Amino acid sequence: MILSGSASQSLAAALADELDEPLASVAYRKFPDGELLASAPGFQDDRAVIVASTVSSDAHVELLQLQDAAREWGAEEVVTVLPYMGYARQDRPLAPGKADEGPTPGYPISARAVARAVSTGTDRVLTVNPHEDAVCDFFDVPAEPVDAAGRLAEPLPGELVDPVFLSPDDGALDIAETVRDAYGTGTTDYFEKTRLSDTEVEMRPSDTDVAGRDVVVTDDIIATGSTMSEAVSLLGERDVGDVYVTCVHPVLASNARTKLARAGVEAVYGTDTVEGAVSAVSVAPTVADAL
Ligand code: R5P
């Protein structure tokens, strides 16, 4: 039986269809003191697949509650699907000014902390395009990344002009390559990026000649939109054709949508790992294959 966290209801339903498995009825309640209660009163199965993007601290708590409920009420196997794993980018101790250094006294590795908590209630974890696949090593149970980036080619127009697939930094080049391969034609390249603060980045354009070519900028995540809007602004200075923006996880925090619009982005395509207005494509078939 599939159980859904409150932030992943559409994806859980799509996954239930894909797998032809029943979808549990889950209730989400909030008490006056702010505490949550996620429950699945009709749950009855020996296997539970819990689909929950941990987009907030509340979503983390819901997930732990659903794991506990499933285990207590008959599931011999609990599989946890984290379509979007919150805190995954905090895979190092993020001490101010020391982000690239090793262990820093007194600072947690937040991705490890949440992975350990999630591991206590499950037998297996799948997570879609984590920022780094190595985050899976933080779980105490078998955990594997699922690559759904290829699905980002689906909403793109079929007749892109001499397309170039660009990533905003070298770390996301593999995603650009996957989208290009799924699209079927085009070249790839990446920008050089330096992060100045939580909301500011500095970028150097790629060497590729983009004049007259359609450009697809693709990344694992758009969070504050700083990275993507800076990349698109640089392209605006270079006589490009149409520019398409795609990402696996459209978190779009705070004023990200405005930043992107001001940079000249007309359309953003993301997946349903973070459900919202730009979730143009579902990762359900890819997750179903991995299950
Ligand atoms: C960083 O390495 C990631 O791939 C993304 O580029 C980054 O996390 C996006 O964050 P933001 O939208 O806040 O710039």
Side-chain angles (χ1 to χ4, degrees), residues 53-56 82-94 96 98-101 109-111 114 127-136 138 145-152 164-180 188-206 215-236 243-271 273-279 283:
S53 281
T54 45
V55 291
S56 63
L82 299 172
Y84 169 68
M85 178 184 168
Y87 287 87
R89 290 182 297 164
Q90 291 196 42
D91 56 0
R92 293 157 294 143
L94 294 183
K98 296 186 171 185
D100 293 327
E101 293 180 19
I109 297 178
S110 306
V114 298
T127 185
V128 179
N129 290 92
H131 184 55
E132 299 282 352
D133 287 356
V135 80
C136 290
F138 289 143
V146 176
D147 185 3
R151 305 221 89 88
L152 294 173
V164 53
F165 295 80
L166 283 174
S167 60
D169 56 39
D170 58 346
L173 181 60
D174 56 338
I175 295 184
E177 288 171 347
T178 302
V179 180
R180 187 271 316 272
T188 59
D189 203 348
Y190 62 92
F191 294 91
E192 300 284 353
K193 174 173 108 176
T194 310
R195 184 167 280 285
L196 304 176
S197 72
D198 290 350
T199 55
E200 283 173 305
V201 295
E202 192 175 76
M203 298 184 79
R204 215 164 47 79
S206 77
V215 180
V216 180
V217 194
T218 191
D219 206 351
D220 56 334
I221 176 173
I222 301 177
T224 65
S226 310
T227 301
M228 202 50 105
S229 53
E230 186 63 22
V232 172
S233 300
L234 287 174
L235 289 169
V243 177
Y244 299 88
V245 165
T246 66
C247 70
V248 179
H249 308 298
V251 171
L252 296 173
S254 184
N255 62 347
R257 199 69 188 82
T258 304
K259 270 190 200 164
L260 293 169
R262 284 172 54 82
V265 174
E266 284 173 20
V268 182
Y269 301 121
T271 79
T273 61
V274 180
E275 297 181 5
V278 306
S279 302
V283 301

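Keep in mind the model is a prediction, meaning the values are calculated, not measured. In listed order, ligands and their atoms are each counted from 1.
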When you check ligand 1 against the protein, what N or O pairs turn up below 3.5 Å? List the atom names and distances, or just say none.
residue  : atom   : partner : partner atom : Å
ligand 1 : 2 (O)  : Asp169  : OD2          : 3.3
ligand 1 : 4 (O)  : Asp219  : OD1          : 3.1
ligand 1 : 4 (O)  : Asp220  : OD1          : 2.6
ligand 1 : 6 (O)  : Lys193  : NZ           : 3.1
ligand 1 : 6 (O)  : Asp219  : OD2          : 2.6
ligand 1 : 8 (O)  : Arg89   : NH1          : 2.7
ligand 1 : 10 (O) : Arg195  : NH2          : 3.4
ligand 1 : 12 (O) : Ala223  : N            : 2.8
ligand 1 : 12 (O) : Thr224  : N            : 3.1
ligand 1 : 12 (O) : Gly225  : N            : 2.8
ligand 1 : 13 (O) : Thr224  : N            : 2.8
ligand 1 : 13 (O) : Thr224  : OG1          : 2.5
ligand 1 : 14 (O) : Arg195  : NH2          : 3.1
ligand 1 : 14 (O) : Thr227  : N            : 2.9
ligand 1 : 14 (O) : Thr227  : OG1          : 2.5

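- Two residues are said to be in side-chain contact when any heavy atoms from C-beta on lie closer than 4.5 Å; Tyr84 and Val55 meet this criterion.
- When the options Leu82, Asp133, Thr273 are evaluated for a side chain to side chain contact (heavy atoms under 4.5 Å, CB included) with Thr127, the one that passes is Leu82.
- Under 3.5 Å, the side chains of Thr218 and Thr246 contain a donor-acceptor pair of N or O atoms.
- No side-chain heavy atom of Ser229 sits under 4.5 Å from any side-chain heavy atom of Arg262.
- For the pair Ile222 and Leu260, the minimum side-chain heavy-atom distance is below 4.5 Å.
- Screening Val164, Val265, Val243 for a side chain to side chain contact (heavy atoms under 4.5 Å, CB included) with Leu235, the sole residue that qualifies is Val243.
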